[in-house]
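Residue numbers begin at 1 in each chain, while the letters A, B, ... track the order of the sequences.
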Amino acid sequence: MTALAAGSRRPRSFPASPRYLAGRLAQAVLALFGVTTIVFFALRLSGDPARLLVPEGASAADIERVRDQLGLSDSLWHQYLSFLGNAVRGDLGYSYVQNRPATELIAERLPYTANLAVAALILSVVFGVTIGMVTALKRGRWQEKVLMPIVLIGQAMPAFWTGLLLVLVFSVALRWLPSTGYDGPLSLLLPSVTLASLSAAAIARVTRGAVLEQLSQDYIRTARAKGAGTTRLVFRHLARNSAIPVLTVAALELANLLGGAVVTEVIFAWPGIGQLTIQSVSARDFPVVQAIVVFASAVYIVVNLLTDLLYGVLDRRVAGGTKAGAA
Amino acid sequence: MHRRTRAALALLAALLTLGSAACGIEPASADRGPDTITIDTANYPSTLDPGKQYDTDTYSVYRNIFDQLLRRDPRTNRVVPWLATSWRQTDPLTWRFAIRPGVRFSDGSPLTAADAAFSISRILDKKYGSQQYANFSVIDSAAADGSDLVVRTSVPSPTLLSYLTTLSVVPQAYVRRVGDKQFAVKPVGSGPYRLASATAGSQIVLTANPRWWGTAPSIRTAVFRAVPNVASRVADLQSRKVDLATSLTPDAADQIRRDPKLAILSTPTERVAYLAFNTIKGGATDDPRVRKAISQAIDYDALIRNLQRGYAKPINSMATPLAFGYDRSLPDNQHDPEAAKRLLRQANAVGATLVMATSPSFDPQVVQAIQGDLAAVGLNVEIRNSDQATYLKKVQDPGHDWGSIRFGKWSCSCLDSDGVIYPLFHTGEIWSSYTNPEFDTLVEQARETTDVARRTTLYRQSFDLLGRDLPGIGLFQSYAVYGANSRLQWTPDASESLFLDRMKVS
């Protein structure tokens with residue numbers, strides 16, 4: 001209790017104040033609840049899973065039988081309340097198609113998506129930050145003229161196109177890398193490059209913007225006047241001061257990637273959350289879709305929360321939740 | 001590769017290995033010896049319990065782990081003995097099957113008539129919740145009598161044998177001991193293969209079952225991989241990652257044909273591409289003259305030649321020539337736009353707008369081509385595309401408010417006209433937006449008659465009626481199209497099954 005009280009009296013300190021944390025957590029739970037509710041009802045408005053499960057010649061009675069079995073003939077409110085009740089206890093239901101707990105299905109796919117997401121994030125931060133820095137520092141020079149179009153192409157090319165292009169070159173023509181599936185670390189290369197091409201471009205643009213803004217600040221001019229070299233300038237001043245916007249984008253990209261890089265996973269037959277999402281939505285496998293939504297929203301919320309907390313490390317003015325001194 | 005490239009790749013591989021190990025995922029590679037085959041299918045099997053699901057990609061895998069009660073001869077499509085060595089009808093409702101002696105499940109326990117009876121009974125059990133129930137609901141009871149399986153139906157059933165070719169026999173004692181959930185993950189069957197490993201969502205490896213009663217299959221190991229994207233399946237074939245890829249589209253087949261080391265294997269199936277009309281609340285299509293005009297407006301030949309690239313065959317009705325009851329003597333579909341225009345003028349329907357319901361899982365190019373054909377004779381077609389679940393919800397509604405025309409593809413996996421025209425056009429069936437008491441009586445009688453000659457006559461009359469009334473148009477018979485490495489020797493069959501014991505690699 002003392003810690004709590006002390007914390008709230010010292011808003012500008014890090015770690016963030018408990019009140020700030022509690023508020024953020026309450027927001028998070030509310031968001032999770034809202035998203036799940038919307039998905040629950042939207043799913044049930046859209047189509048009947050029982051019809052997809054029966055053979056083509058099945059009669060209305062056969063479908064009714066399956067609906068009973070799945071608990072879909074109960075009233076919508078009854079279904080919703082029992083879903084909420086179970087969800088609170090950590091039970092997100094059984095897959096209609098596979099007859100297994102939805103959480104188990106997600107847990108099984110998570111390592112694949114996490115692996116891909118982390119690989120893609122590393123690639124995109126390394127390439128994105130480098131390209132962003134270089135294009136900002138070498139403004140108007142040939143480096144910028146070469147790199148900027150690449151960034152634009154990277155952001156404009158849809159994943160299914162990049163992915164198939166990479167497969168055609170490296171798997172079909174050169175036979176260097178596996179085309180689909182997971183047969184060891186080399187098969188991680190093409191899908192993670194595909195994913196990274198999108199987020200690296202976003203990170204590059206944000207980095208460039210942030211660095212350009214810093215470059216116009218007085219302290220840089222002062223540092224330059226005092227004779228600081230480029231290396232010192234980049235690592236001592238620019239990196240730290242441009243980090244917040246870059247971190248924000250990177251964190252959101254990670255949340256995106258973890259939530260399911262749907263298209264990329266489908267092209268590369270990567271058995272992650274993204275592929276599971278596609279399968280479950282088209283089969284109207286309600287419990288699995290709901291569980292994925294809960295999971296993806298939770299990832300977003302947690303990543304956002306962690307990002308905000310990390311701001312505190314980089315810029316202590318944010319930690320108390322008051323941004324008065326920030327500008 | 002240059003030394004530097006190789007070094008860079010090695011470094012990258014090392015990094016990524018660390019990453020993979022940290023996430024706890026294992027490479028799912030399998031060596032590819034001369035007796036190993038790798039197959040790309042569109043979906044990962046939803047279960048390995050053969051009593052539950054029914055979709056093609058699930059079927060393809062589990063039917064190799066289990067033996068079916070009966071099979072079809074891949075050349076003639078006739079029902080032939082498999083686990084049942086012979087059968088006879090003792091009365092119109094009772095069938096007696098002799099079960100093959102000496103068959104053992106892969107865990108060593110013997111397969112008996114009681115296991116066969118159990119396999120049927122569990123599908124009929126409401127608590128079990130099988131999605132195949134509709135196929136077996138005519139069965140009243142299944143029981144063992146010594147080494148015989150005795151099946152009683154509620155009405156005489158001419159299609160019973162057809163559906164029993166899809167019945168896989170499971171071990172009663174094992175299923176009871178481990179429970180349904182565990183059984184679906186660790187299945188034990190008597191079939192030519194057994195489960196070696198499964199990587200959820202990704203791939204399943206089967207190996208030859210040394211206890212199998214038949215001639216040992218030449219393929220020892222089979223890897224089924226789930227690759228949902230058709231372009232990726234083609235790339236897998238081209239990069240020699242797989243030997244066989246299923247569910248290819250006609251344009252993907254064109255790509256494969258250019259590679260001398262690859263082959264296209266295709267076969268006509270019992271799947272029929274069709275239009276069905278709303279004859280109850282369809283607006284313009286309530287008038288039989290408009291339906292007739294539409295049938296004359298369509299350029300069938302162009303659909304087959306240009307869009308299906310020849311992987312389809314013309315048909316004269318709603319069934320394919322593979323189905324029992326198909327009548328070869330009926331007139332073929334005629335493309336005659338002038339006649340169509342005349343009929344539309346008579347019906348006062350020139351310029352009418354028709355809503356066409358479809359789903360992207362059916363060939364969108366065919367839908368657009370038909371839209372063009374109908375525009376050419378003066379009908380406006382508004383295409384309403386919705387995903388499969390929404391499409392079904394819309395068209396299977398007793399209110400019949402889904403529009404005027406729908407496009408679909410149909411297969412009953414039973415090779416019988418009953419499985420096609422009964423559900424599509426019998427009054428009150430969920431798919432049917434047509435009603436005709438005369439037709440209803442004909443198909444009801446045909447469904448409960450085991451007399452072949454009488455059934456043939458009844459279907460001849462039913463198809464005559466459908467030809468006159470036109471509640472639907474059979475557009476063409478679809479092909480199953482597979483891409484294969486030329487080292488694979490295999491002839492695909494009409495039921496779209498992937499029996500590994502019928503394949504060889506050289």
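- Only the side chain of Gln275(A) has a heavy atom closer than 4.5 Å to any heavy atom of chain B.
- Residues Asp62(A) and Arg67(A) are not paired through a salt bridge, judged by the lack of any N-O separation under 4.0 Å between the basic side chain and the carboxylate.
- Under the side chain to side chain contact (heavy atoms under 4.5 Å, CB included) rule, Ile204(B) has a single partner from Thr41(B), Thr199(B), Leu48(B), Val223(B), which is Leu48(B).
- Each of Gly419(B), Ala235(B), Ser361(B) has some count of heavy-atom pairs under 4.5 Å with chain A, and the biggest count is that of Ala235(B).
- Ile63(A) touches chain B through its side chain: at least one heavy atom from C-beta onward sits under 4.5 Å away, while N, CA, C and O do not.
- Taking chain A as the reference chain and counting heavy-atom pairs below 4.5 Å, the highest number among Gln388(B), Lys127(B), Arg233(B), Gln53(B) is found for Gln53(B).
- In this structure, Lys52(B) is positioned above the aromatic face of Tyr128(B), its NZ or CZ under 6.0 Å from the six-membered ring centre and within 45° of the axis.
- In summary, Lys394(B) and Asp48(A) do not engage in a salt bridge, as defined by a charged side-chain N under 4.0 Å from a carboxylate O.
- The greatest number of non-hydrogen atom pairs below 4.5 Å with chain B, out of Ala50(A), Pro55(A), Pro49(A), is found for Pro55(A).
- Heavy atoms of Thr58(B) lying under 4.5 Å from chain A are absent altogether.
- Listed options Val185(B), Leu424(B), Leu392(B), Asn135(B) were ranked by heavy-atom pairs under 4.5 angstrom with chain A; first place goes to Leu392(B).
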For this session: For the pair Trp402(B) and Ser433(B), evaluate side chain to side chain donor-acceptor pair (under 3.5 Å) and give the outcome as yes or no after the intermediate values.
Result: CA-CA 10 Å; Trp402(B) 51 267; Ser433(B) 291; 3.0 Å; yes
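- Heavy atoms only, all atoms of each residue included: Gln79(A) and Leu72(A) are closest at NE2-O, 3.3 Å.
- For Arg51(A), the parts sitting under 4.5 Å from any heavy atom of chain B are the backbone and the side chain alike.
- Classification of the Trp431(B)-Trp410(B) ring pair by plane angle, with boundaries at 30° and 60°, yields perpendicular.
- For the pair Leu188(A)/Leu116(A), a side-chain contact is recorded, criterion being any heavy-atom separation below 4.5 Å from C-beta on.
- Contact count against chain A (heavy-atom pairs under 4.5 Å) is highest for Pro228(B) among Pro423(B), Ala184(B), Pro228(B).
- Within the 4.5 angstrom heavy-atom criterion, atoms from both the backbone and the side chain of Val266(A) approach chain B.
- The part of Glu108(A) that comes within reach of chain B is its side chain, from C-beta onward, which places non-hydrogen atoms under 4.5 angstrom from that chain.
- A salt bridge links Lys241(B) with Asp183(A): at least one charged nitrogen is closer than 4.0 Å to a carboxylate oxygen.
- Both the backbone and the side chain of Gln238(B) come within less than 4.5 Å of a heavy atom of chain A.
- Neither the backbone nor the side chain of Phe170(A) comes within contact range of chain B, judged by heavy atoms closer than 4.5 Å.
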For this session: Could you walk me through whether Thr113(A) and Glu265(A) pass the side chain to side chain donor-acceptor pair (under 3.5 Å) test, one step at a time?
Result: CA-CA 8 Å; Thr113(A) 295; Glu265(A) 288 194 0; 2.9 Å; yes
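- At a 4.5 Å heavy-atom cutoff, the contact between Ile430(B) and chain A is made by side-chain atoms alone.
- Looking at Tyr163(B) and Ser413(B), their side chains never bring a donor and an acceptor atom within 3.5 Å of each other.
- Options Leu237(B), Asp236(B), Val227(B) differ in how many heavy-atom pairs under 4.5 Å they form with chain A, and the most are formed by Asp236(B).
- Only the side chain of Asp387(B) has a heavy atom closer than 4.5 Å to any heavy atom of chain A.
- Most heavy-atom pairs under 4.5 Å with chain B: of the set Ala269(A), Gly272(A), Ala283(A), this distinction falls to Ala269(A).
- With a 4.5 Å cut-off on non-hydrogen atoms, Leu164(A) touches chain B through its side chain but not through its backbone.
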